[in-house]
Structures are given as structure tokens and as C-alpha cells.
Amino acid sequence: MQHWLFKSEPDVFSFEKLKTLGKKGTQWDGVRNYQARNNMRAMQIGDLGFFYHSNEGLNVVGIVEVCALAHHDSTTEDPRWECVDVRAVRDVPSPPTLDEIKANPKLSKMVLVNNSRLSVQPVTREEWEEVCRMGGVTPAP
DNA sequence: GCCAACGTTGGC
DNA sequence: GCCAACGTTGGC
């Protein structure tokens with residue numbers, strides 16, 4: 001199983017909103033970046049990801065699970081763009097902020113720190129466990 | 001609201 | 001295939 005990080009502006013689509021959609025979740029649409037798309041293509045059912053709030057909050061607020069493999073993004077006609085479906089799994093009790101993540105030497109290689117503009121990112125197992133620990137998520141799912 | 005960083009586009 | 005121009009993202 002691999003781990004990921006999904007970024008969204010809470011004004012546009014928040015973790016609270018995803019929670020209201022329940023087990024079915026929703027497609028992670030609107031991605032128009034090849035790297036982010038390729039990350040989604042690599043995802044498997046059951047992969048877990050962090051839900052990060054950008055622009056406002058700047059913190060990891062929740063954990064999501066991939067519940068559908070990459071498929072065409074219905075918000076565009078362009079066949080190049082695909083997306084997975086995700087659903088909310090659980091809250092992160094004390095959401096780690098970008099500042100805290102940047103300040104943690106164990107997380108200095110995180111894509112979030114080094115390429116903040118990539119909207120769908122891979123997260124290593126070590127990073128996953130560390131951010132879970134910081135957020136009070138136990139045990140790390 | 002600004003601006004730096006990055007990705008994409010399109011002319012050559 | 002290069003690179004300047006442009007648009008977007010996201011932290012500040």
C-alpha cells in the first residue's frame with residue numbers, strides 16, 4: 001500500500017464537505033497537471049492519503065482512502081485528464097500545520113515542503129507515520 | 001493582494 | 001527543440 005497527499009482549498013472543497021459524502025466519496029476532479037495525474041494513475045484501491053488544506057488552514061486535517069481507480073475526469077472533455085475517487089476515513093485530531101511540518105527534520109524531504117505546488121503528492125511510509133504521530137492519529141492506519 | 005515558483009503554450 | 005510569454009498556484 002502506498003500513501004499520498006491531496007491538497008485542496010477549503011473554500012473550494014473542504015474535508016468537512018468530503019465527510020458529508022460518506023462511503024461513496026467523490027472523484028478528485030480538476031487536476032490539470034501531469035505529475036499529479038500520474039500519481040493518481042499509480043494509486044490502488046485502499047491506498048490512504050492525507051487531506052491538506054491550502055491557502056487557509058495550511059494543515060493536514062484528515063485521512064482519505066482511494067475507493068476507485070483512475071478514470072476519466074468528467075469535468076473536462078479532454079481525454080488526457082483522469083482522477084481517482086476518494087472518501088473520508090477519519091479526522092486528524094490535532095492537524096499538523098505546514099510550519100510544524102517544515103520544522104520537523106524527519107519531514108525535510110516531503111514533497112509538501114519542497115514542491116508545494118504539486119496538488120497530488122506521494123508520501124513515504126516514514127513521513128506518513130511521522131505526520132500521523134504529530135496529528136495524534138493512533139495507531140497510524 | 002502580492003509575488004515567487006512552476007508548468008504550459010506557442011512562435012520560431 | 002528551444003525559450004519567452006503567459007497563466008496558475010499557494011505561501012506570505
Side-chain angles (χ1 to χ4, degrees), chain A residues 1-138 140-141:
Chain A
M1 200 211 1
Q2 289 180 271
H3 297 97
W4 310 95
L5 182 144
F6 297 83
K7 217 166 21 178
S8 180
E9 299 183 33
D11 275 358
V12 179
F13 188 83
S14 67
F15 189 62
E16 292 300 314
K17 173 76 178 174
L18 182 61
K19 285 199 285 187
T20 67
L21 300 175
K23 286 193 169 155
K24 196 157 178 292
T26 188
Q27 66 173 2
W28 195 259
D29 56 32
V31 171
R32 302 290 182 266
N33 172 284
Y34 291 108
Q35 241 184 304
R37 183 206 63 186
N38 291 344
N39 287 333
M40 289 197 284
R41 281 184 173 173
M43 292 178 189
Q44 302 290 321
I45 303 282
D47 277 2
L48 296 172
F50 291 127
F51 195 115
Y52 175 79
H53 278 168
S54 65
N55 274 317
E56 259 180 64
L58 308 186
N59 52 6
V60 174
V61 293
I63 290 175
V64 301
E65 177 183 13
V66 175
C67 57
L69 296 176
H71 56 81
H72 178 245
D73 181 340
S74 68
T75 63
T76 177
E77 296 286 302
D78 194 328
R80 290 177 300 172
W81 303 119
E82 301 174 12
C83 59
V84 296
D85 287 11
V86 296
R87 66 179 175 221
V89 173
R90 61 188 293 185
D91 291 310
V92 171
S94 55
T97 65
L98 181 61
D99 282 347
E100 290 162 355
I101 289 169
K102 280 182 174 172
N104 186 330
K106 289 182 187 170
L107 302 175
S108 63
K109 300 246 173 66
M110 264 190 95
V111 180
L112 189 67
V113 174
N114 296 299
N115 183 6
S116 62
R117 295 194 49 199
L118 185 61
S119 61
V120 180
Q121 315 176 353
V123 173
T124 68
R125 164 165 293 280
E126 291 73 24
E127 291 161 355
W128 180 266
E129 287 173 358
E130 182 64 10
V131 174
C132 282
R133 192 191 61 72
M134 291 166 72
V137 177
T138 51

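Remember, predicted model here, so these are calculated numbers, not experimental data.
Atom CZ of A:Phe6 is separated from atom P of C:dG10 by 14 Å (rounded to the nearest Å). Rounding to whole angstrom units, OH of residue A:Tyr34 and P of C:dT9 are separated by 15 Å. If you take CG of A:Asp11 and P of C:dT9, they are 14 Å apart, rounded to a whole angstrom. Distance A:Glu56 CD to C:dG11 P: 12 Å, rounded to the nearest Å. The distance between atom NZ of A:Lys102 and atom P of C:dG10, rounded to the nearest whole Å, is 13 Å. Regarding A:Leu98, its CG atom lies at a distance of 18 Å from the P atom of C:dT9, rounded to whole Å. Rounded to whole angstrom, the span from the CG atom of A:Asn114 across to the C1' atom of B:dA4 amounts to 16 Å. The interatomic distance linking A:Leu118 (CG) with B:dG7 (P) rounds to 8 Å, in whole Å.
If you check residues 47-55 of chain A against DNA chain C, the residues with a heavy atom closer than 4.0 Å are A:Tyr52, A:Ser54, A:Asn55, listed by number.
For the residue pair A:Thr75 and A:Asp73, a side-chain donor N or O sits within less than 3.5 Å of a side-chain acceptor on the partner.
Each of B:dT8, C:dC12, B:dC6 was ranked by its minimum atom distance to the side chain of A:Arg117; first place goes to B:dC6. Taking every side-chain heavy atom of A:Asn115 into account, B:dG7 is the closest of B:dG7, C:dG11, B:dT8.
A donor-acceptor contact shorter than 3.5 Å links the side chain of A:Asp47 to the backbone of A:Gln2. Of the possible polar contacts, one joining the A:Arg87 side chain to the A:Lys23 backbone as a donor-acceptor pair under 3.5 Å is found.
Atom CG of A:Leu69 is separated from atom CD of A:Glu82 by 10.5 Å, given to the nearest 0.5 angstrom. With rounding to the nearest 0.5 angstrom, the NZ atom of A:Lys7 is 9.5 Å from the CG atom of A:Asn55.
Among the heavy atoms of the strands lying under 4.0 Å from A:Leu58 are primed sugar atoms or P, OP1, OP2 only; no base atom is included.
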**OP:** Report the C-alpha distance between A:Arg125 and A:Glu129 in whole Å, list the side-chain angles of each, state the deciding distance to 0.1 Å, and finish with yes or no for salt bridge (charged side-chain N to carboxylate O under 4.0 Å, His left out).
**Re:** CA-CA 6 Å; A:Arg125 164 165 293 280; A:Glu129 287 173 358; 3.1 Å; yes
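The ring pair (Phe, Tyr, Trp, His ring centres under 6.0 Å) search around A:Trp28 returns A:Phe6, A:Phe51, not counting sequence neighbours.
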